Protein chains: 2
Amino acid sequence: MVALGSLERSTSSDIVFDKLFGQITRLELLPGTKISETDVAKTFGFSRQPVREAFSRLANLNLLLVRPQRATVVRPFSRKLIAHARFVRAAVELEVVRSAALDRDRSVDAALKANLREQAQAVSAEDVSRFHELDYDFHKLLCASAKQEFAFEIIAENKAQVDRLCMLALTSKEAMVVLYEDHQKLLEALFGSDAASADEVLRVHLDRLTPTIDAIYTTHNAYFDD
Amino acid sequence: MVALGSLERSTSSDIVFDKLFGQITRLELLPGTKISETDVAKTFGFSRQPVREAFSRLANLNLLLVRPQRATVVRPFSRKLIAHARFVRAAVELEVVRSAALDRDRSVDAALKANLREQAQAVSAEDVSRFHELDYDFHKLLCASAKQEFAFEIIAENKAQVDRLCMLALTSKEAMVVLYEDHQKLLEALFGSDAASADEVLRVHLDRLTPTIDAIYTTHNAYFDD
DNA sequence: ACACGATAACTTGCATACTAGTCAACATAT
DNA sequence: ATATGTTGACTAGTATGCAAGTTATCGTGT
């Protein structure tokens, strides 16, 4: 699960972007942390210009907040922005699964099934990080199945906003089981060409984050804007 | 219908962005047109840096294509990119209208009705540009009705890609009538809290562009990449 | 006349320097 | 001691110059 795009040609700006993107989404850089173009440029050994461009891109993803003549900070969580990101992510992925249910690329079926089996193993082994990896791939495979691979870029962009928040939540085995079962039901609906059912299952699946987010809002209120 | 965002604080970069965005989407700059940072900087009287930033933002919207060490061109149309943009736009707006059908902000009802009435007048008067304005506002009001104003930003981003292409198509009175009737049906579904019907009407509505786009692909093939 | 090679004129990416604006600390006055 | 004004250390936005690479033009040789 590497940064968005994983560009082929690597400019200085790309290097800075990838590094910071990772640090922010993995929460190694906490929300509210001040971060200056000059400092980052020094640590990378680049000039300010490529760093600036990377900042600009990260700001577009709502991961940085550039305040002219003041400072740039790792963007604090915002319930509003999180809601927006979840809305878009859900909208796109719902259309993906509906589309896949109606006309999917069957050559992806095997990969989906294999992924699901591995999920079961990860759940048994209580291997949370492996489960997260598989979850990431699973949703990516859904896009492939719908023949809309590009859609995962949109999903990933919006996931990033939520993922870094969920780094603060522990994933219990029970939670993993629930998510796994959702995935299972989703595949059943997909393979059964049942768009309505796939829609409903995915809605429930994506809504499961709500209580987690609410909980983090109270336990880590200092990281929030609103 | 001003450029995306209509930022409050106007930097040099913003000025360049807004200007170029308008020229590209209005097709005053044709797909494939070469455009260099230096030239643009000269005409605006700015340095290359703010222009460069504007280019970067336009490239993110797939309106420019920056080819390092070669040149930057107004991005040619691409059926693939157009399909992607339409997919995302449809996904988001479908979720918007479903959401509005289930729980809308009734204080927007009046504006929607008023807009629809004005559309009828524009159709009668065969005032195409006025109709396009109203159409833009109508879809924006839909987002407001769903209490998801932000969603229109996503829609507008993806519309831009398609809109500039549709500048090449004439809108006949008959076509306007059809679009108007779609809008009418959509509002009926919305006010009747009929999400399924709203979904279906919007799907048909957004699909009406397909033959237009196909036609332009043949008549203006030189502007296309693929 | 035509093919081919060198060169000059472009392009964007990066580095450095300067400007305008904000904020915090400190000194001064009450 | 507290309030206030000034100064200095920061910030991002902008300007300019250089480096690396591509393209097109022009000249040369056949």
Side-chain angles (χ1 to χ4, degrees), chain A residues 3-21 23-24 29-76 225, chain B residues 3-21 23-24 29-76 225:
Chain A
L4 299 172
S6 315
L7 305 178
E8 52 295 334
R9 190 181 51 87
S10 239
T11 65
S12 306
S13 171
D14 293 330
I15 295 170
V16 175
F17 175 87
D18 287 345
K19 182 81 176 178
L20 290 181
F21 180 89
Q23 290 182 334
I24 294 173
L29 284 171
L30 291 172
T33 305
K34 210 175 85 173
I35 177 174
S36 95
E37 293 177 0
T38 312
D39 292 347
V40 174
K42 272 182 203 158
T43 65
F44 277 92
F46 297 144
S47 79
R48 268 185 56 216
Q49 224 50 48
V51 173
R52 188 173 161 66
E53 210 175 288
F55 273 34
S56 170
R57 289 158 64 189
L58 291 164
N60 277 342
L61 296 177
N62 285 327
L63 293 177
L64 286 186
L65 183 61
V66 179
R67 301 174 301 176
Q69 263 101 31
R70 302 213 334 223
T72 295
V73 297
V74 177
R75 184 137 201 168
D225 249 346
Chain B
L4 298 174
S6 316
L7 305 179
E8 51 297 333
R9 190 182 51 86
S10 239
T11 66
S12 306
S13 171
D14 293 330
I15 295 171
V16 175
F17 176 87
D18 286 346
K19 181 82 176 178
L20 290 181
F21 181 89
Q23 289 182 334
I24 294 172
L29 284 171
L30 291 172
T33 305
K34 207 175 86 174
I35 177 175
S36 95
E37 294 177 0
T38 312
D39 292 347
V40 174
K42 274 184 201 156
T43 65
F44 277 92
F46 297 143
S47 80
R48 268 184 57 216
Q49 221 51 49
V51 173
R52 190 174 161 65
E53 211 177 288
F55 274 33
S56 170
R57 289 158 65 189
L58 290 164
N60 277 342
L61 296 177
N62 285 327
L63 293 176
L64 285 185
L65 185 60
V66 178
R67 301 174 301 177
Q69 265 102 28
R70 306 217 324 225
T72 296
V73 296
V74 177
R75 183 138 201 168
D225 249 345

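A, B, ... follow the sequence lines: proteins, then strands. Residue 1 opens every chain. Note that this is a predicted model, so its numbers are computed, not measured. These values consider heavy atoms only, across backbone and side chains, with no hydrogens, waters or symmetry-generated copies.
For A:S13, counting side-chain heavy atoms from C-beta on, the closest listed nucleotide (C:dT12, C:dC14, D:dA12) is C:dC14. Distances from the side chain of B:P50 to the nucleotides C:dT22, D:dT23, D:dT14 place D:dT14 closest. In the set D:dA12, C:dA15, C:dT11, C:dT11 carries the atom at the smallest distance from any side-chain atom of B:A71. The side chain of B:S36 lies closest to C:dT11, out of C:dT11, D:dA12, D:dG13.
For A:D14 and A:R57, the salt-bridge test passes: some basic side-chain N is under 4.0 Å from an acidic carboxylate O.
Residue B:F44 holds its CZ atom at 5.5 Å from CG of B:L20, rounded to the nearest 0.5 Å.
Between A:Q49 and A:E53, every side-chain heavy-atom pair lies at or beyond the 4.5 Å cut-off. At a threshold of 4.5 Å between non-hydrogen side-chain atoms, the residues A:K34 and A:V73 count as touching. Counting only heavy atoms from C-beta outward, the side chains of B:I24 and B:L64 approach each other to under 4.5 Å.
Rounding to whole angstrom units, CD1 of residue B:I35 and C1' of C:dT11 are separated by 13 Å. Across the protein-nucleic acid pair, B:R70 atom CZ and D:dA20 atom P stand 20 Å apart, rounded to whole Å. The distance from atom CD of A:Q69 to atom P of D:dG8 is 20 Å, rounded to the nearest whole Å. Nucleotide D:dC10 holds its C1' atom 10 Å from the CG atom of A:D39, rounded to whole Å. Here C:dT16 presents its C1' atom at 14 Å from CZ of B:R48, a figure rounded to the nearest Å. Remark: C1' of C:dT12 and CG of B:L64 are 13 Å apart, rounded to the nearest angstrom. Between A:F55 atom CZ and D:dG13 atom P there is a gap of 11 Å when expressed in whole angstrom units. In this structure, B:F46 places its CZ atom 8 Å from P of D:dT14, rounding to the nearest Å.
Not a single donor-acceptor pair, N or O on each side, falls under 3.5 Å between the base of C:dG21 and the side chain of A:R67.
Side-chain nitrogen and oxygen atoms of B:T38 include none within less than 4.0 Å of the OP1 or OP2 phosphate oxygen of C:dC10. Here A:R52 does not reach the OP1 or OP2 of D:dA12: none of its side-chain N or O atoms lies under 4.0 Å away. Dashed line: the shortest gap from a side-chain N or O of B:S12 to OP1 or OP2 of D:dT14 is under 4.0 Å.
Counting any heavy atom pair closer than 4.0 Å across all strands shown, A:Q49 reaches a base atom.
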